[in-house]
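Data block below; observations after.
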Amino acid sequence: MGLSKEELARLETKAHDLRHSIVNTVLFAGSGHIGGALSALDIMVMLYYHFMNHKPGDPHWEDRDRFVLSKGHAGIGFASILADLGYIEKEQLKTFNLTGSKLGIHLDSNRIPGVDASTGSLGHGLSIALGMALAARQLKKNYRTFCILGDGECDEGSVWEAAMAISHFRATNLVTFIDRNQYMIDGNTEEVMKLEPFAEKWRAFGFDTLIINGHSFNELHTAIEHALVASEKPVAIVCNTVKGCGVNFMEGNYKWHYGAINEDVAEQCHRSLDQYYEKRVQEKGA
Amino acid sequence: MAGGISYTVDETTKLSTAEVYAKALSDLALQDPRIVVLTSDLAKSTKIGVFEERFPDRFYNVGIAEQNMFGIASGMAKCGLIPFTSCFAVFTACRGLDQVHTDICYQNLNVKMIASHAGTSFGQAGTTHHSTEDIAIMRSMANLTVIVPADGLETANAVKAAIELNGPVYIRINRGFDQIVNDGMDYGFQIGKAVQLMDGTDLTIIACGSGVFQAVQAARELAFSDGIKARVLNLHTIKPIDREAIMKAVQETRRIITVEDHTIIGGLGGAVAEIIAEGGKACAFRRLGLQDAFSPIGLHEDLMSYHKIDANGIIETTRALMKLDFEEDDNWEDEV
Ligand SMILES: Cc1ncc(C[n+]2csc(CCOP(=O)(O)OP(=O)(O)O)c2C)c(N)n1
């Protein structure tokens, strides 16, 4: 079953609000990893607002679905979701990056309820996620584990060690997303360190690999539904995304991997996001 | 062989420490064709991108793959090149450590590791990016020289000295700008030799990296407000350590404080403690640094103050230390 019109509209509005919240948080912090936060956002929205079983009031609930943001620098996007869901106070976003704050660039599971793993050192998350998935099997629990990797992050050999082990252990209760936004810090992934043929690599490692538009809730929905019933091969979802998605002057510009914004720039971001939303709901018929 | 570089403070005030490193290395590379640079998607962040502009065919960006980078550097060094790796400190001393240990240090290869964003200098990024154990880790590697420059010009000196030395070197620098300690490059920088920045007889503050400027500030303030004469040693080389300067300080001042943007376990403070303990002379001793803890999140300067490794923290500890009595007596009650 596809997404209902109402559900699609709800997700679109949510993503739109959260994009504004990300811009505001970057403004509070003075700077931030805005590009990669905006590219990964729709995947996180799809998970947190539609698929995942979780209880903001009980962040340590044993049966919750687990989420590992392996590309931890997108924490500034994840934080807006946690604030919206009530894991943390919305006001806390105003302290992002400030001395003594619990919220720094990379969200820390020791400090922030709702964060399942302290990430930030790239190439760790998928192994941690696999551990969670294997624990579910061991403990006879039905929770699922979701992990989002950056594409540049996949340069790390440890990602492929985890990939090999996921298919070896047939951890089909783990869904791997790759935010394929084509950029890392120093430039385009194909220029810095060629990843292509990328999906083929995941296939060769034993994954049922889907390639989708990571900004389409319909495509995300179908892919995740498919992944959740997998029983033979674990599923990897290569999400084609746009770094800086929604802000026209940031889109596809790797200089906005990490950037500083002031009130004026924030204003431009907000305007651009509104236009983006209009266009998106028209095109997608939400 | 590397010839020379000479920069003035004026030429470098507008450059962050990493920018001075990148400039120095690029200038020296002009004189030594063996120098190559490797980075792991950190050309922009570690400022070494300028080297790529000047020597595109001597520059290798391996992507986000530190272990791979250190392995490649090892192979290059085995074949006569002088590879400089340009990476964050935490990803050098932790993420790539097995390769650093076995492929570089054990085989005593001529790899120079420039480790940026050290200590809490990337404070806002949190624990995954703080590097507060790296001195301890790297100091324990046989064959490795460990240098923690206090500012940009000292970094330039360290880079130059590292090229002249045959063997692996770890140079630990901060993100952003350091306060200026040295007003030029000609102050006799020598690997393994501490630089005495102030003389004094009441106590010695031994510091490295960002602690050095704070130590000088503290010593000035202490002289002014308390009449305490503090000696300040910039112990820029943690290994090989300047045993002589440390023991001289013990004998002549009997009170020692170490200051580092690093855990007090195993780093500068640990290294100095080993020398003092084996030296057999009693002295009052305190290590300032992270007190066996991970750091909170925040701006570097705020975290320096939180961890009491800024001038105020040093002054506070000095005052406490001056109250302790270390006469040679049989009374162990007051010994610490
Ligand atoms: C082990 C490690 N090395 C280096 C870094 C520094 N770093 C932070 S983000 C980044 C680029 C990440 O690129 P990608 O995974 O494509 O993320 P995205 O473009 O989606 O933001 C790098 C190199 C890090 N956080 N961890």
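Note on naming: letters A, B, ... go to the chains in the order of the sequence lines (proteins, then strands), and numbering restarts at 1 for each one.
A/Ile185 touches chain B through backbone and side chain together, each having a heavy atom under 4.5 Å away. Contacts of A/Ser101 with chain B are made by backbone atoms alone, with heavy-atom separations under 4.5 Å and no side-chain atom involved. In this structure, chain B has heavy atoms under 4.5 Å from both the backbone and the side chain of A/Asn97. B/Ser40 does not touch chain A: none of its heavy atoms, backbone or side chain, sits under 4.5 Å away. Only the backbone of A/Thr119 comes within less than 4.5 Å of a heavy atom of chain B; no side-chain atom from C-beta onward does. B/Phe122 touches chain A through its side chain: at least one heavy atom from C-beta onward sits under 4.5 Å away, while N, CA, C and O do not. For A/Glu156, the parts lying under 4.5 angstrom from a heavy atom of chain B are both the backbone and the side chain.
Interface summary for chain A: among B/Ala125, B/Ala43, B/Cys94, B/Gly298, the most heavy-atom pairs under 4.5 angstrom belong to B/Ala125. The candidate from A/Gly75, A/Gly157, A/Gly104 with the greatest count of non-hydrogen atom pairs under 4.5 Å with chain B is A/Gly104. The residue among A/His73, A/Lys102, A/Arg111, A/Glu153 with the most heavy atom pairs within less than 4.5 Å of chain B is A/Arg111.
Counting heavy atoms of neighbouring residues, nucleotides and ligands inside a 6.0 Å radius, atom NZ of B/Lys308 does not exceed 12 of them.
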Please report, to 0.1 Å, the donor-acceptor pairs under 3.5 Å made by any side chain of residues 67-78 of chain B, with sequence neighbours excluded.
unit_1	atom_1	unit_2	atom_2	d
B/Ser74	OG	B/Asp103	O	2.8
B/Lys78	NZ	B/Gln107	OE1	2.6

Contacts table for residues 81-89 of chain B: side-chain donor-acceptor under 3.5 angstrom, sequence neighbours left out:
unit_1	atom_1	unit_2	atom_2	d
B/Ser86	OG	B/Tyr21	OH	2.7
B/Ser86	OG	B/Thr46	OG1	2.8

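Judged as a side-chain hydrogen bond (donor to acceptor under 3.5 Å, both in side chains), and not counting sequence neighbours, the contacts of B/Ser295 are B/His307.
The contact list for residues 191-198 of chain A toward chain B, using heavy atoms and a distance under 4.5 Å, reads A/Val192, A/Met193 by residue number.
We find the CG-CG distance between A/Leu47 and A/Asp65 to be 9.0 Å, quoted to the nearest 0.5 Å.
Heavy-atom minimum distance, B/Ala311 versus B/Gln217: CB-CB, 3.8 Å.
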